[in-house]
Amino acid sequence: MSIEANIEKIQKEIEQACERCGREPSEVTLVAVSKFHPWQAVCRAADAGVQVFGESRVQEAKLKISQCPPGIRWQLVGHLQSNKCRDAVQLFEMIQSVDSASLAEQLNKAAQRRSVSLPVLLEVNVAGEASKFGYSPQALLENLLNLNELSHLEIHGLMAIPPWTPQPEKARRHFQKLADLKKQCEDILGAPLPVLSMGMSSDFAVAIEEGSTMIRVGTSIFGERKR
Ligand SMILES: *Cc1c(COP(=O)(O)O)cnc(C)c1O
């Protein structure tokens, strides 16, 4: 299927998932994850109505962003190395993958140097997988107030990548855990966190049922990635 048809299908599935749980489709932002796909694919998706794109590597994104027309919104969804913070702050409207205090501090410095306030999500390793980045739920709750003190970062919410499974239902408890964790963070901060970034190609409908406000979809839009 074409990129255009894929997007139309996903938008229908977003609407259906929202209908099942009494939510509005406008509450869910579709982030098209374009890593490993060329700038031409981004342009086609943008022409089909997608407004936000996700990339996982700064270097790849830097080239792609320079090739795409302006006006496209870019977010970082992959692990960020401290030495790329300066570029990242310049390229992305939001960093979804803040996974350590040292990274948060480096990003805060880079944002301060540019005199901007940088929206970020805190990444949570919901299933405690050794192969994944992100805060453990406990470390997140313990570090939250310190992170919130960084003057040039705006904490907008949480992001997680649960274990991959061909059965989306198996991801549900991880989504519930992240949604619950967001509530606990809101209690600690005494303020609402608007973003819950969860759900990918295989499981975004379940994620929406559990309260996701941002789904990150790659394969179902662009096809398989060639590495
Ligand atoms: C690659 C990636 C996605 C998209 O995954 P698909 O299964 O292709 O939809 C979403 N989130 C993150 C963090 C990713 O790295």
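Whatever order the structure lists them in is the order used to number ligands and atoms, beginning at 1.
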Cut-off 3.5 Å, no hydrogens considered: what does the side-chain donor-acceptor table look like for residues 139-152, sequence neighbours left out?
from	atom 1	to	atom 2	distance (Å)
Glu142	OE2	Gln138	NE2	2.8
Asn143	ND2	Ala139	O	2.7

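Arg216 NE, 3.7 Å is the protein heavy atom nearest to atom 12 (C) of ligand 1. Protein heavy atom in closest approach to atom 5 (O) of ligand 1: Met200 CE, 3.3 Å. In terms of protein heavy-atom proximity, atom 6 (P) of ligand 1 is nearest to Ser201 OG, 3.5 Å. Regarding atom 15 (O) of ligand 1, its nearest protein heavy-atom neighbour is Lys35 NZ, 2.6 Å. The protein atom (non-hydrogen) at minimum distance from atom 8 (O) of ligand 1 is Thr219 OG1, 2.5 Å.
With a 4.0 Å heavy-atom cut-off, ligand 1 is reached by the side chain of Val33 but not by its N, CA, C or O.
In this structure, Phe53 and Phe222 have tilted ring planes: the angle between them lies in the 30° to 60° band.
Using a 4.5 Å heavy-atom threshold, the side chains of Asp203 and Met198 count as separate. The closest side-chain heavy-atom distance from Val77 to Ser97 is not below 4.5 Å.
A salt bridge between Arg20 and Glu209 is present, with a side-chain N of the basic residue lying under 4.0 Å from a carboxylate O of the acidic one. Under the 4.0 Å criterion applied to side-chain N and carboxylate O atoms, Glu169 and Arg172 are assigned as salt-bridge partners.
Shown are Glu123, His156, Gln75, Gln96; of these, the side chain to side chain donor-acceptor pair (under 3.5 Å) with Ser197 is made only by Gln96.
Short contacts between ligand 1 and Val217, defined as distances under 4.0 Å to a heavy atom of the residue, involve ligand atoms 9 (O).
Looking at Met159 next to ligand 1, no N or O pair under 3.5 Å apart turns up.
In this structure, Gln96 has no heavy atom closer than 4.0 Å to ligand 1.
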